[in-house]
Amino acid sequence: MVRVPRFVAPVTPNDIRLFTLLASVPAGRVVTYGQLAEMIGAPRRARWVGQILKQLPQDSSLPWHRVINAQGRISLSMLEGGRRQAERLRAEGVVVSAEGRISLRLYRWMP
DNA sequence: ACATTGACGCCCA
DNA sequence: GTGGGCGCCAATG
């Protein structure tokens, strides 16, 4: 009998699809929460995507910073996490305004 | 089982 | 461009 520690969160097939897709988003491009949800066959689950990203460990190799909202804004507070996200994007050549605005027209990734 | 809570999205004033 | 309101849906209390 295999005993699984309670603190290990269960990983669903959708989680795998999300991680795989996110990992394929190229540097210098962005995607929206709703877009990711839609692309893995889970429409109307944008909030869920945000939930998953929120739970990622700090040392995750996934490009969580390439995910923004459909309004073309960074969803995290620009006083905290949003600042880090903006820096990471700028490091890839993405232009991010001080308020966290990004041009979806220029940077949205569409496979 | 019921109420709240969001890294959301869309519509309208 | 800016809020405000509402629908959505899984997680959390």
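Residue numbering restarts at 1 for every chain, and letters A, B, ... go by the order of the sequence lines.
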### Message
Quick check: do A:P111 and A:M39 have side-chain heavy atoms less than 4.5 Å from each other?
### Response
yes

### Query
What is the distance from CG of A:L18 to C1' of B:dA7, rounded to the nearest Å?
12 Å

### Message
Within residues 83-111 of chain A, which residues have any heavy atom lying less than 4.0 Å from an atom of DNA chain C?
### Response
A:R101

### Task
Heavy atoms only: give me the nearest A:L22-A:P63 pair and the separation to one decimal.
O-CG, 3.2 Å

#### Entry: Pairwise side-chain contact, A:Q35 with A:V67, heavy-atom cut-off 4.5 Å (strictly under)
no

### Message
Show, in sequence, the C-alpha distance, side-chain angles and deciding distance for A:E87 and A:R83, and conclude whether the side chain to side chain contact (heavy atoms under 4.5 Å, CB included) test is met.
### Response
CA-CA 6 Å; A:E87 281 315 305; A:R83 229 181 52 251; 5.7 Å; no

### Query
Just how far is it from atom CG of A:L18 to atom CG of A:L62, taken to the nearest 0.5 Å?
8.0 Å

### Query
Are the side chains of A:I40 and A:R45 in touch, meaning some heavy atoms are under 4.5 Å apart?
no

#### Entry: Cluster check A:L21, A:I16: I/L/V/M/F/W/Y, side chain < 4.5 angstrom
no

### Message
Is there a side chain to side chain contact (heavy atoms under 4.5 Å, CB included) between A:Y107 and A:L89? Walk through the geometry before answering.
### Response
CA-CA 11 Å; A:Y107 302 107; A:L89 285 172; over 6 Å; no

### Query
Under a 4.5 Å cut-off applied to non-hydrogen side-chain atoms, are A:M78 and A:E99 in contact?
no

### Query
Among residues 69-78 of chain A, which contact DNA chain B at a heavy-atom distance under 4.0 Å?
A:N69, A:A70, A:S75, A:L76

### Task
Run the numbers on A:W48 and A:D15 for side chain to side chain contact (heavy atoms under 4.5 Å, CB included), then give the verdict.
CA-CA 10 Å; A:W48 167 78; A:D15 291 327; 3.3 Å; yes

### Message
Generate the contact string for nucleotides 7-13 of chain C. Rules: B means base contact, S means sugar-phosphate contact only, - means no protein heavy atom under 4.0 Å.
### Response
BBSBSS-

